[in-house]
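This report refers to the structure that appears directly beneath it.
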Amino acid sequence: MLIAVNLRPALTSLSPLLNEVKTATGLSATGAGLLTTLPVLCLGLFAPLAPRLARRIGAERTLMIALAVLAAGCALRSFFGAPGLFVGTVCAGAGIGIAGVLLPGLVKRDFPDKAEIMTGLYTLALCLGAAIAAGLTVPVRDATGSWGSGLAFWALPALLAAVVWLPQACLPHAAPSHLTKPRGLWRDRLAWQVTGYMGLQSSHAYIVFGWLPVILIDRGLTPLAAGFVLSISTLVQLSTAFGTPWLASRFFRDQRAMIAIMLAMSTAGFLGLAFAPLSTVWFWAVPLGLGLGGMFSMGLTLIVLRAPDAQVAAQLSGMAQGFGYLFASTGPFLVGLGHDLFHNWHVAALVYVLYGAGALLCGMAAGRKRQVAASA
């Protein structure tokens, strides 16, 4: 849970300060779009590395390395201007990408009879970390007088998690040389449907993390207020992050209905925040948060439930988050490019709606009660 808390602050801490960072470093909107896209791209690029490292040195030691890289990346963002910002973002994205792939497999391995509950708790911790960073980054900047310090601050909780995780990395089971690579996963249609859903719904989250405060600031909110809107929306995710997998398992035959409900709420909330009267932003932040929390927890739940065992779950997690995040990274970039070209947020709304429609199609296929045909 403590590791999970650290997997979103590097993403949500930047957007409340993005306009200030652009001014200080001379970045264009397209450059800022690349900066918001880069960590998501790294999630995809480094995700396939996670199962390989886990087979070689063990999941626990791999997670230890990921936390160290994440902490170093958060700290580096405050040094050397724009180059340090981009290099630090790559490091932070690499650490998040590796850790995010391994944790669902550990849930499947250590809690096979409570996978849905533990996936909900894990997602809850992710949302909590995102909300804390979105709300506290501007106050930290105000207290220190530097946007760099506001970004670098988030290296501290990552270091704390590494210290707490160190005994796990030293346990004998940290090097399971018996792990084998599952066969048939890349040819399985269900695995690609899970991957498609994971990537398309993730693009919603990273558009919100990267651009929502900027949209609200452009509409007239202060950076502090815009950060709090994102924080409140992310805090609201806690309820659906934990509750959606449980509700889906108790009251529905499969996950399709909950996927559709969460996608509808997310889309309505984003469009309301982008275009409804500014006085209503606090209202629209609620369905946005409920939808995003439920969408992501359903994505992780699909990875766990569609895999027959922990080894397949780890490999499916790497596939879904690797290829999925590579595609998800296009969303924030298109939003920045569209704003650069047209000087409004209509392209952001269009991208959000189109990606949501794609996630719905993949989710209706992946949400049926079955498992991938791969075997370890």
Side-chain angles (χ1 to χ4, degrees), residues 1-11 13 42-43 46-76 88 91-133 136 152-181 238 241-242 297 300 303-304 307 309-318 321 376:
M1 295 304 106
L2 189 56
I3 293 174
V5 168
N6 281 278
L7 299 188
R8 290 298 178 267
L11 307 175
S13 59
C42 289
L43 298 187
F46 287 93
L49 183 62
R52 298 178 185 177
L53 286 173
R55 287 194 297 270
R56 182 176 293 272
I57 64 173
E60 287 78 9
R61 290 176 184 169
T62 303
L63 281 168
M64 189 71 191
I65 294 172
L67 285 170
V69 172
L70 171 58
C74 289
L76 188 59
C91 292
I96 295 168
I98 292 172
V101 166
L102 294 179
L103 288 176
L106 291 184
V107 169
K108 184 75 173 182
R109 185 195 73 185
D110 295 339
F111 306 96
D113 298 326
K114 297 181 175 65
E116 291 163 322
I117 294 176
M118 291 305 299
T119 299
L121 287 172
Y122 163 60
T123 313
L124 186 149
L126 282 170
C127 297
L128 182 62
I132 292 171
L136 287 185
F153 173 81
W154 301 104
L156 298 179
L159 289 174
L160 174 62
V163 171
V164 174
W165 187 253
L166 182 60
Q168 291 292 324
C170 296
L171 291 177
H173 64 235
S177 58
H178 64 278
L179 286 180
T180 59
K181 185 176 181 178
L238 299 178
F242 179 73
S297 65
L300 293 179
I303 291 173
V304 174
D309 55 53
Q311 294 180 42
V312 175
Q315 196 71 21
L316 179 59
S317 180
Q321 298 192 60

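The basis for the numbers below is simple: all heavy atoms, side chains too, and nothing from hydrogens, waters or symmetry mates. If you're wondering where the values come from, they're calculated on a predicted model, not measured in any experiment.
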Closest heavy-atom pair, I3 versus A99, reported as atoms and distance to 0.1 Å, is CG2-CB, 4.5 Å
Within the 4.5 Å heavy-atom criterion, are L63 and Q168 side-chain neighbours or not? no
Taken to the nearest 0.5 Å, the spacing of L238 CG from L124 CG works out to 4.5 Å
Rounded to the nearest 0.5 angstrom, the OG-CD1 distance for S13 and I132 is 12.5 Å
Measuring only between side-chain heavy atoms, which start at C-beta, is M64 closer than 4.5 Å to L166? yes
message: Just so I know, are the side chains of L49 and I98 near enough to count as touching, which here means a heavy-atom distance under 4.5 Å?
response: yes
With a 4.5 Å cut-off on side-chain heavy atoms, are V304 and F111 touching? no
Side chains of C91 and L70 in contact at under 4.5 Å (non-hydrogen atoms):
no
Applying side-chain contact (heavy atoms from CB on, under 4.5 Å) to P157 and not counting sequence neighbours gives N6, W154
Minimal heavy-atom distance between L43 and G93, with the atoms involved, is CD2-O, 3.4 Å
Looking only at heavy atoms, the pair that brings A10 and C74 closest together is CB-SG, 4.0 Å
Residues passing the side-chain contact (heavy atoms from CB on, under 4.5 Å) test with A125, sequence neighbours excluded, are M1, A4, V5
Heavy-atom distance under 4.5 Å between the side chains of V312 and Q315, does that happen here?
-> no
Check your understanding: Yes or no on side-chain contact (heavy atoms from CB on, under 4.5 Å) for L300 and L103, after CA distance, side-chain angles and deciding distance?
Key -> CA-CA 10 Å; L300 293 179; L103 288 176; over 6 Å; no
Fill in: Test item: R61 side-chain N/O and A169 main-chain N/O as donor-acceptor pair under 3.5 Å
yes
- Query: Are any of the side-chain heavy atoms of I96 and R8 separated by less than 4.5 Å?
  - Reply: yes
Nearest heavy-atom approach of A158 to A71 is CB-CB, 3.8 Å
Of all heavy-atom pairs linking A59 and L106, the shortest is CB-CD2, 4.0 Å
- prompt: Would you say the side chain of W165 lies within less than 4.5 Å of the side chain of L2, judging by non-hydrogen atoms?
  reply: no
Heavy-atom closest pair (V69 atom, A94 atom, distance to 0.1 Å) is CG1-CB, 4.5 Å
